[in-house]
2 protein chains.
Amino acid sequence: MFSSYRLLIPNFNTAPRPPSSDLLAILEDQGYRSTYQRRTVVGMLERKGDGFTAEEVAEELPKVGRATVYRTIKLLLKAGMLCKLPLPNGAHKYIMARAEHHHHTVCVRCGAVGEFRNSTVERVLRAIGSDMPGEIVGHRMELYLICRDCLNAPAE
Amino acid sequence: MFSSYRLLIPNFNTAPRPPSSDLLAILEDQGYRSTYQRRTVVGMLERKGDGFTAEEVAEELPKVGRATVYRTIKLLLKAGMLCKLPLPNGAHKYIMARAEHHHHTVCVRCGAVGEFRNSTVERVLRAIGSDMPGEIVGHRMELYLICRDCLNAPAE
DNA sequence: CTCATAAACGATACAATGTATCACTTTGTA
DNA sequence: TACAAAGTGATACATTGTATCGTTTATGAG
């Protein structure tokens, strides 16, 4: 039984997105235009492995308007290409969605994000779902931990 | 295998709070003063079964300042007596924590909150935790569904 | 290629949800 | 009862977005 973590529900869609890595192409296939701003934002997000906030992206891309950054992020969320990951402090990060279903871990000290995947959890959740009144449309799950680096770090 | 749902991690504390229902007494035991405002807010929260937003509370209690409502909610969160429950739309509700560990369901149509508890999930999560690099300090999990009422309702 | 049109954009105002500040009030206790 | 610490209210501010609207750009028809 092993692990890597992921936030399942960008927009409560349980289906994983197609295994293409060219987000822009996917957007175009969905009828969205390929603009300089979208290319810039998507390019940057793809390079950021470890999660980011919207403001962070806006700051690092002064050539793209703040509103457009938010619009693009919203678009990618809706298209299921981004996950919105709640942090312990009430804030949250965005992180690229992977094709395979998984969940996320967040270090409560340094905020580092990890992923895990565990078929047992999924199976149990499905079983629970079949017992619940109503129709399950998704789930969300995060593990909070103190990562190895923080455990080893001297400072409290 | 049955169910009822709950947000585990108010402040990432895995321990359930003591099975007393007198929140005010608990606060006092922790050294907090019993003020008119806290009594009013806590009293109201205890009566609200189905979750609430901070603004909702502030509006219904015009005699208590807005800042104090937020302060009290923050206090109760820190003390582990409230859960902060993320909603599909990015907003969230607060809901009283129960003594027993459980998770929450949220209807993505009407926002109704349910609870479930399932020992298998907890066991699996513990097992995953022991495999992860780092020290697990808590987890969070929500199921999103369309509740029976919404399924039966005529409107789409 | 060029133009019309819908889509997207930027600037900016606004909204929602909280937090910080600080002078004032209340609580608990010596 | 009086005092210090804790708590409060009013208000300003912070963060994270969304709405508006006039301008620019991508795209596809001709």
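Below, chains carry the letters A, B, ... as their sequence lines are ordered, and counting in each starts from 1. Note that the coordinates shown come from a computational prediction; the quantities given were computed from them, not determined experimentally.
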Test side chain to side chain donor-acceptor pair (under 3.5 Å) applied to B:Arg33 - qualifying residues, sequence neighbours left out: none
- request: Starting from P on C:dG18, measure out to CG on B:Leu76 and report it in whole angstrom.
  value: 14 Å
message: If you define the side chain from C-beta out and look only at heavy atoms, does anything of B:Phe52 sit under 4.5 Å from B:Leu45?
response: yes
Check: residues 67-77 of chain A side-chain donor-acceptor pairs under 3.5 Å, at least two apart:
from, atom 1, to, atom 2, distance (Å)
A:Thr68, OG1, A:Arg71, NH2, 3.4
A:Tyr70, OH, A:Glu55, OE2, 2.6
A:Thr72, OG1, A:Thr68, O, 2.8

- request: Under the side chain to side chain donor-acceptor pair (under 3.5 Å) rule, collect the residues that match up with A:Glu60, sequence neighbours excluded.
  value: A:Lys48
- prompt: C:dG18 base to B:Arg71 side chain: any donor-acceptor pair below 3.5 Å?
  reply: no
- prompt: Any donor-acceptor pair under 3.5 Å linking the side chain of A:Arg39 with the backbone of A:Ser34?
  reply: yes
message: Using a 4.0 Å cut-off to any heavy atom of chain A, which nucleotides of DNA chain D are the first and last in contact, reading 5' to 3'?
response: D:dT16 to D:dT27
Side chain to side chain contact (heavy atoms under 4.5 Å, CB included) partners for B:Leu61, two or more places apart: B:Thr40, B:Val41, B:Met44, B:Val57, B:Val64
task: Identify the two heavy atoms, one from A:Ile146 and one from A:Cys150, that lie closest to each other, and give their separation to 0.1 Å.
output: CG2-CB, 3.8 Å
By side chain to side chain donor-acceptor pair (under 3.5 Å) - contacts of B:Glu28 (at least two apart): none
statement: Rounded to whole Å, the CG-C1' distance (B:Leu75 to C:dT19) equals 15 Å
statement: When rounded to the nearest 0.5 Å, the distance separating CG of B:Leu82 from NZ of B:Lys93 is 13.5 Å
- prompt: Closest nucleotide of DNA chain C for B:Ser34 versus for A:Lys63: which of these residues is on the 5' side?
  reply: A:Lys63
message: Under the rule for side chain to side chain donor-acceptor pair (under 3.5 Å), what residues qualify as partners of A:Tyr94, not counting sequence neighbours?
response: none
For DNA chain C, the residues among residues 35-44 of chain A that have a non-hydrogen atom under 4.0 Å from it: A:Thr35, A:Gln37, A:Arg38
Would you list the protein and nucleotides 12-17 of chain C atom pairs, both N or O, that sit under 3.5 Å from each other?
none

